[in-house]
Amino acid sequence: MTNPTAAELIARSNRLGSDPRVTNYAGGNTSAKGTDTDPVTGEPVELLWVKGSGGDLGTLAESGLAVLRLDRLRALSKVYPGVDREDEMVAAFDYTLHGKGGAAPSIDTAMHGLVDAAHVDHLHPDSGIAFATSADGEALTAKAFGDRVVWVPWRRPGWQLGEDIAAIKRDNRGAIGCILGGHGITAWGDSSDEAEANSLWIIETAEKFIAAEGKADPFGTALDGYAPLSPEHRRIRAAALAPTLRGLVSTDRAQVGHFTDATVVLDFLAASEHPRLAALGTSCPDHFLRTKVKPLVLDLPPTASVEDQLDRLRELHEQYRADYQAYYDRGVARETSLAGSVGAGVAQSLARSPQAPPRIRGADPLIVLIPGVGMFSYGANKQTARVAGEFYINAINVMRGAEAISTYAPIDESEKFRIEYWALEEAKLQRMPQPRPLATRVALVTGAASGIGKAIATRLAAEGACVVIADLDLEKAQAAAAEIAGDIPNSTDVAVGVQADVTDEAQVQAAVDAAVLAFGGLDLVVNNAGLSLSKSLLETTVADWDLQHDVMAKGSFLVSRAAARVLIDQKLGGDVIYISSKNSVFAGPNNIAYSATKADQAHQVRLLAAELGEYGVKVNGINPDGVVRGSGIFAGGWGAKRAAVYGVPEDELGKYYAQRTLLKREVLPENVANAVFVLCSADLSHTTGLHIPVDAGVAAAFLR
């Protein structure tokens with residue numbers, strides 16, 4: 001049973017975390033102090049419940065709380081070794097945990113424990129950070145809030161900041177909170193409701209002050225030629241740029257992308273001050289840890305050609321990497337010098353050993369801004385990429401507020417480096433689960449709303465891929481995508497459904513563009529869409545023949561061609577997989593149109609393997625047979641016709657197929673999905689042009 005104080009904290013946290021004005025995803029932390037029973041002595045004990053490291057306020061549950069003995073936490077003041085070694089205090093938190101302790105305590109735990117208030121909120125609202133990053137933030141804080149809110153100069157989160165804020169609370173009886181320079185806000189209260197009300201009052205007061213006192217054009221005048229393109233043309237241009245961009249930002253490691261053409265981004269990029277402000281970078285640690293210290297900004301108008309923009313992006317990316325390497329080298333030099341002057345404590349907090357500098361985490365940008373088009377953001381998965389974009393929108397809002405009332409002045413480079421390459425941040429990254437085998441890969445599966453295609457999409461998503469479900473029926477495609485995503489709050493981070501008639505060149509291109517815009521690019525294509533007409537030679541009409549070949553032979557060609565353009569532009573390799581059939585090599589009765597087109601698909605595998613190999617793209621095929629259960633083709637009449645051919649009841653067709661195999665096993669959609677996964681896994685990285693039978697053993701269909 002949840003302690004009442006903890007339950008209050010969870011409810012308050014969820015309310016605060018669900019409001020984007022208050023804080024961003026996984027940003028900020030909240031706490032509550034109260035009593036519970038010591039499991040050993042049975043006596044009451046005073047505890048601190050605080051949001052654990054890496055958690056999200058909006059979705060916080062009891063499992064996400066760290067639980068500490070307040071007396072033992074505060075007693076750590078006696079062993080605090082000073083600001084040069086304050087990172088060592090985080091390890092000491094383990095000795096203050098109550099019971100099993102819950103989630104890992106964050107660096108902000110000291111602030112929550114040391115401040116003498118029953119409830120404390122530390123948040124990152126855009127309006128509050130606008131004050132925190134204003135050049136004259138201290139004076140503006142006094143003007144806007146009077147003596148109710150106290151300015152705290154920038155200090156990296158840690159034990160000393162906790163002691164500083166505790167002193168402010170103690171020395172300023174009328175204060176309800178602080179503006180933390182370069183960072184955010186902290187508020188407190190004697191009750192949960194009071195702390196929440198005080199947090200919201202600070203945020204709303206800051207918003208009203210900016211609205212009343214701020215200048216009308218904080219981003220400057222409109223840049224000639226930088227007005228946004230129309231929505232349709234923005235998406236066309238974004239889809240054209242995305243593959244090359246993804247390849248560039250994946251120089252160090254593969255990344256998934258997210259695109260937005262939100263008005264706030266377009267307005268920022270259409271104004272004259274955006275180059276200066278973007279170059280200053282973000283300030284709040286929660287921002288730049290997800291966006292890097294600054295974005296890559298294309299310095300061409302949207303009227304430039306795609307080719308000119310791509311050429312310039314390649315140049316800017318090379319320059320960005322050089323600049324980031326220089327930033328990293330300067331940071332290591334500064335911190336190495338600092339470590340040598342103050343002893344091993346700081347060195348150990350900065351690296352794995354006093355001699356080893358922190359390793360660079362990649363020099364590619366995470367945010368790419370395209371004037372008139374929008375913003376691409378990148379990360380190790382779709383959620384991380386989407387959240388990075390949301391954080392940069394927060395940063396734009398912060399810049400707008402700071403420029404409206406003052407001049408935007410983020411924390412300096414040395415402090416950004418100390419946060420970005422903090423040993424505590426490294427420890428947080430190490431606690432993250434290992435990526436699944438297909439993490440960072442984007443898959444497009446045709447005919448995926450049911451049967452084999454749905455099983456393939458489900459397996460690929462389970463292995464970590466982002467999946468685009470393409471199907472003739474949009475409603476079914478979207479339903480399948482939602483089912484695959486399950487209970488994930490932002491289901492489109494996992495799978496999206498799109499409508500696509502694979503016989504239509506324009507619809508195929510639209511489906512590929514949708515994949516690129518949804519996830520930044522494309523890595524894996526499964527040609528699965530199909531239908532089957534079971535007729536003899538004399539019964540087969542020209543229309544039957546054309547329909548069969550249009551859907552599977554022509555459709556596979558169109559999908560592979562559109563996808564190949566993306567794969568080639570990305571320069572990341574990739575996989576194209578054809579779901580062919582045992583019938584591509586086996587001659588059976590009353591099946592000429594279907595078997596002939598499957599043979600066409602089978603040879604497309606060989607042809608494309610030969611052609612795309614130079615780009616690192618593998619092309620392979622799978623030859624299933626007798627997949628009756630869950631099959632859209634068999635349910636559409638094909639099953640009844642094949643059953644009639646073989647003289648068995650339709651509901652026993654699967655068993656019939658199983659008995660004619662060497663293994664006497666029925667083939668299921670999941671068996672085909674397993675083969676797809678194996679083909680695109682690292683274990684078969686050197687295999688192309690192969691057809692894998694998934695037929696339980698049909699000797700007449702053995703490949704020769």
Side-chain angles (χ1 to χ4, degrees), residues 12 28-34 46-50 68 70-86 89 92-93 96 106-125 127-206 209 284-285 411 415:
R12 176 173 99 244
N29 34 71
T30 52
S31 68
K33 302 177 183 75
E46 193 172 5
L47 301 177
L48 171 71
W49 290 269
V50 60
L68 304 92
L70 191 58
D71 59 342
R72 295 181 67 82
L73 176 66
R74 288 178 170 172
L76 291 178
S77 292
K78 299 174 184 177
V79 297
Y80 174 46
V83 68
D84 290 334
R85 294 172 55 193
E86 67 175 352
M89 299 298 285
F93 292 161
T96 74
S106 75
I107 187 61
D108 288 311
T109 298
M111 174 180 63
H112 289 277
L114 297 176
V115 171
D116 186 19
H119 297 266
V120 178
D121 296 333
H122 169 58
L123 305 168
H124 302 141
S127 60
I129 306 175
F131 276 79
T133 56
S134 291
D136 49 352
E138 183 172 6
L140 288 169
T141 297
K143 182 179 179 181
F145 304 102
D147 59 3
R148 298 195 71 192
V149 178
V150 180
W151 173 265
V152 180
W154 162 260
R155 183 184 290 280
R156 193 173 60 152
W159 190 272
Q160 189 60 54
L161 180 61
E163 289 200 347
D164 292 349
I165 297 176
I168 285 171
K169 167 71 168 62
R170 184 175 60 248
D171 298 339
N172 295 269
R173 297 284 181 180
I176 64 168
C178 305
I179 297 289
L180 309 181
H183 189 166
I185 73 169
T186 294
W188 49 77
D190 292 331
S191 69
S192 183
D193 288 345
E194 184 180 33
E196 183 175 0
N198 288 341
S199 293
L200 295 176
W201 183 84
I202 295 173
I203 294 166
E204 291 164 2
T205 300
F209 184 90
C284 175
I411 61 175
E415 289 301 313

Go through the structure and list residues passing salt bridge (charged side-chain N to carboxylate O under 4.0 Å, His left out) with [X], not counting sequence neighbours.
{"X": "E196", "result": "R15"}
{"X": "D71", "result": "R69"}
{"X": "R155", "result": "D164"}

message = For V83, is there any backbone N or O sitting under 3.5 Å from a side-chain donor or acceptor partner on Q160?
response =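 Not at all, since once roles are kept as given, no pair shorter than 3.5 Å links the two residues.
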ask   = Mind checking what makes ring-ring contact (aromatic ring centres under 6.0 Å, His included) contact with H122, not counting sequence neighbours?
value = H124, H183
How would you list, by chain and number, every residue that makes a side chain to side chain contact (heavy atoms under 4.5 Å, CB included) with [X], sequence neighbours excluded?
{"X": "V152", "value": "L161, I168, C178, L180"}
{"X": "A167", "value": "R170, D171"}
{"X": "A144", "value": "F131, F209"}
{"X": "A135", "value": "S406, T407, A409"}

task = If a pair satisfies salt bridge (Lys or Arg N to Asp or Glu O under 4.0 Å) and one of its residues is in residues 184-195, list it, with sequence neighbours excluded.
result =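 Qualifying pairs: none.
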query = salt bridge (Lys or Arg N to Asp or Glu O under 4.0 Å): which pairs involve residues 110-125, sequence neighbours left out?
reply = R12-D121
ask   = Atom OH of Y80 and atom CE of M89: how far apart are they, to the nearest 0.5 Å?
value =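 It is 7.5 Å, given to the nearest 0.5 Å.
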Side-chain polar contacts of residues 107-115 - donor-acceptor pairs under 3.5 angstrom, sequence neighbours left out - could you list them?
{"from": "D108", "atom 1": "OD2", "to": "N29", "atom 2": "ND2", "distance (Å)": "2.9"}
{"from": "T109", "atom 1": "OG1", "to": "S106", "atom 2": "N", "distance (Å)": "3.2"}
{"from": "T109", "atom 1": "OG1", "to": "S106", "atom 2": "O", "distance (Å)": "2.7"}
{"from": "H112", "atom 1": "ND1", "to": "S31", "atom 2": "OG", "distance (Å)": "2.7"}
{"from": "H112", "atom 1": "NE2", "to": "N29", "atom 2": "OD1", "distance (Å)": "2.6"}

request  = Output all residues satisfying side chain to side chain donor-acceptor pair (under 3.5 Å) with W151, sequence neighbours left out; order by chain, then residue number.
outcome  =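 Side chain to side chain donor-acceptor pair (under 3.5 Å) check on W151 returns nothing, list empty.
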request  = Check whether any side-chain heavy atom of V120 sits under 4.5 Å from a side-chain heavy atom of K33, and report yes or no.
outcome  = yes
